[in-house]
Amino acid sequence: MAAGQSAVEARGISKVFPGGVKALDDVSVTIRENEFFTLLGPSGCGKTTLLRLIAGFEFPSAGEILLHGLDIAHLPPDRRPVNTVFQHYALFPHMTVAENVGFGLRMQGRPKGEIDRAVDQALALVKMADYGARRPSQLSGGQQQRVAFARAIAPRPQVLLLDEPLSALDLKLRQAMRGELKTLQRETGITFIFVTHDQEEALTMSDRIAVMSAGKIQQIGAPLDIYESPVNHFVADFIGDSNFIEGAIDTIKGDAAVVKTPDGIAIAARMNGPHKAGDRIAVALRPEKILLGAGKLKGEVREAVYLGTSTSYVIALGRAVTLSVREANDLSGKARFAVGDTVKLDIPAGAARMLAD
Amino acid sequence: MLRSTTSNWFGVAPAWLVIGIFGLLPMFIMLAISFMVQDPYGGVEWGFSTEAYVQFLFERDLDDSLILNTIYVNIVARSIGLAAMTTILCLIIGLPVAYFIARQPEDKRNLYMLLITIPFWTNLLIRTYAWILILTRNGVVDARLQWFGFEPGTFDLLYTNTAIFIGLVYSYLPFMVLPLYASLEKMDFRLIEAASDLYASKWQAARHVIIPLARPGIVAGSLLVFIPSIGAFIAPELLGGGKRMMLGSLIYFQFATARNWPFGAAVSILLMAFVMIALLVYARAAKGQGLPAGGH
Ligand SMILES: Nc1ncnc2c1ncn2[C@@H]1O[C@H](COP(=O)(O)OP(=O)(O)O)[C@@H](O)[C@H]1O
Ligand SMILES: [Mg+2]
């Protein structure tokens, strides 16, 4: 990946819709060239709005959008070298597949030979070479999806915008398409900005992810950073599962600190931000990072749920703290503990992470 | 099997009855009259004659030889031309109007459609008389334009082809807007976003996406305007002053004044035949586009 060069840069973007809905609130983000960048967040958080601002279907209430350094925020969509794969495909029903794919190039007034070549190439890329003469209504959902990709890629845009393109497909197809999309991005070298509310999709496909909530970007980072080092409660909760424990900082030693809960349970946590001893703080703890069977802490198993490859426990520590813990099942496939058992727990240093809020 | 066909037959019988009594029967009466002989006192006499159809194209000289007569053909051509122009202007006005309405929020759409149909609440004859006041010398248009220094009577449009044309467009515009709206309302407007995303200008999006998708409405609307325009009677009579004979007036004249029923019937039949041929050609052209022929 050619890092550094910015493909799209949003600077202080806000969008207020008539009626007063503030869909985006001072959003700034830089998307690098040739990057697979994902906007991840719950429904209604403003992902589509940000994409539509980049495409040119909406105009920002404040802020600017740069494409390779040039402000495009007030150009109409047909003047931006950016194409969109729409959530509901939006294929032209009165045109054949080939006419759909060639539409962008035709509107640009390219010569016919070039259009034909680009259409063949784009259809081959999405493995739809034999379907050029069909109409969209004669295709399955997955095939229409491929045609929508081909149509958006054929004019070779600098940036491709994808608004939850897989959400209408069934699970198996969706999983297969993830790999294909990733390959497509690598082969074409086009910058992808991909919108989804599905964290698994985001984690498996992206180079970097921006987690959004309520019109704001909460955190930007590689999938590993987002999962391992969530900065706040929202990110830790939205991506994967987390236990949230509240307490006060007891001692600090360099990067490591000990957080004590009101009933005296001590948890080792990594420092995050300028805190001092005595500060009230919340930590996030992934269920699969807690070790069972040994350690200084003691708890009682309240629930044990068999999940196939693993077992999910709810364990009570003292009166105030209950943790959810996930442990891989051993060779026998059986859970090691039953409801009512008393178990020892260990929270390894670095497993718990302090949150900013 | 038998049961179901019998009950089907009973099901559609009322429809056939209505079509037969109100549609086919009058047509056959008309066809029959067109082949009868003119009665000197006004009605028709029994007997078979093609004289009415001959009269449409030829005049009989004193020695009974036939001379080509283009008066009636000219009337037909003028009527078709005016109907075609009316259809085109209705389309040019109706398409943006229907598009505008279809893009409004739901409650406003219904209000606008109500406004489009309001003229139907008043009789066409009365509305056409209103146009006389607007178009006449010192009428609404002429008087206002005198303020800008035009001589009185410069815009005395009454009893001109322009007046007929204005009257026809006014009368039939709703018949264009309604079917256009019906097909545009069903359109997915995200397709227009997709088109502009793919570098189509506003005009290109209209040409390559909106108009092709509105085609069923364009076909239906054009027929609904063109067919009644050809035989229109009220606008040519009142606004054209009957000076320039149109098909509708010609037919009326044959039945009411000239008392030549066979000839009036023959012109009607010819008009109907022309419309039917035009319909077939149109339907075939629409089918060639892989789209529903006419209607919806
Ligand atoms: N055209 C619009 N008019 C008014 N409000 C809108 C419009 N489009 C989106 N919104 C509102 O803006 C917020 C963000 O919407 P959206 O960007 O579609 O979210 P997401 O794609 O993340 O689900 C929502 O509250 C939505 O209701
Ligand atoms: Mg959305």
Side-chain angles (χ1 to χ4, degrees), chain A residues 18-19 48 51-52 54-58 75-96 99-110 115 118-119 122 133-138 144 147-148 150-157 159-163, chain B residues 95 98-100 102-109 179-180 182-222 282-296:
Chain A
T48 296
L51 218 57
R52 289 172 61 81
I54 298 171
F57 302 134
E58 308 277 359
L75 286 184
D78 54 299
R79 308 259 306 276
R80 301 184 186 201
V82 168
N83 287 154
T84 307
V85 177
F86 293 88
Q87 190 166 6
H88 300 286
Y89 318 141
L91 297 175
F92 303 122
H94 59 295
M95 296 181 198
T96 63
E99 284 166 348
N100 263 282
V101 175
F103 188 84
L105 294 156
R106 272 209 313 285
M107 294 304 108
Q108 288 179 322
R110 304 280 182 82
I115 296 174
V119 168
R134 295 222 196 161
R135 300 229 170 220
S137 58
Q138 298 168 312
Q144 290 183 30
V147 175
R151 185 178 71 172
I153 281 177
R156 293 272 150 184
V159 176
L160 189 71
L161 309 174
L162 305 100
D163 192 358
Chain B
L95 203 54
Y99 181 78
F100 171 80
R103 296 227 60 171
Q104 298 299 310
E106 178 123 24
D107 50 336
K108 275 204 189 152
R109 285 203 301 245
L180 278 179
S183 63
L184 283 174
E185 191 222 23
K186 279 181 295 183
M187 199 173 95
D188 181 356
F189 287 100
R190 288 175 298 199
L191 295 176
I192 297 163
E193 278 189 353
S196 71
D197 187 60
L198 292 162
Y199 315 108
S201 64
K202 288 212 165 63
W203 167 240
Q204 282 176 315
R207 201 178 136 216
H208 295 286
V209 179
I210 300 171
I211 291 176
L213 289 175
R215 194 177 212 104
I218 293 174
V219 172
S222 301
Y282 215 80
R284 179 159 300 179
K287 217 180 202 163
Q289 303 285 335
L291 288 159
H296 298 283

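Chain identifiers are assigned alphabetically (A, B, ...) following the order of the sequence lines, protein sequences preceding nucleic acid strands; residue numbering begins at 1 within each chain.
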Heavy-atom pair with the smallest gap, counting every atom of [X] and [Y]:
| X | Y | answer |
| --- | --- | --- |
| B:L213 | A:H94 | CD2-ND1, 3.5 Å |
| A:A90 | B:A194 | O-CB, 3.9 Å |
| B:Y199 | A:N83 | OH-ND2, 3.2 Å |

Taking every heavy-atom pair that is under 4.5 Å apart, which of B:Q204, B:K202, B:E193, B:H208 has the most such pairs with chain A?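 Greatest number of close heavy-atom pairs with chain A: B:E193.
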Approximate separation, where rounding is to 0.5 Å, of [X] [atom1] and [Y] [atom2]:
| X | Y | atom1 | atom2 | result |
| --- | --- | --- | --- | --- |
| A:F92 | B:L198 | CZ | CG | 5.5 Å |
| A:H88 | B:L191 | NE2 | CG | 12.5 Å |
| B:R207 | A:M107 | CZ | CE | 7.5 Å |
| B:S196 | A:R79 | OG | CZ | 12.5 Å |

Below 4.5 Å from any heavy atom of chain A, which atoms of B:D197 appear? Answer side chain, backbone, both or neither.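 Looking at B:D197, backbone and side chain both touch chain A.
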Residue part contacting chain A, namely of B:A195, when any heavy atom lies under 4.5 Å: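 Both backbone and side chain of B:A195 come within 4.5 Å of chain A.
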Give, as side chain, backbone, both or neither, the part of A:L91 having an atom under 4.5 angstrom from any heavy atom of chain B.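 Answer is backbone: N, CA, C or O of A:L91 sit under 4.5 Å from chain B.
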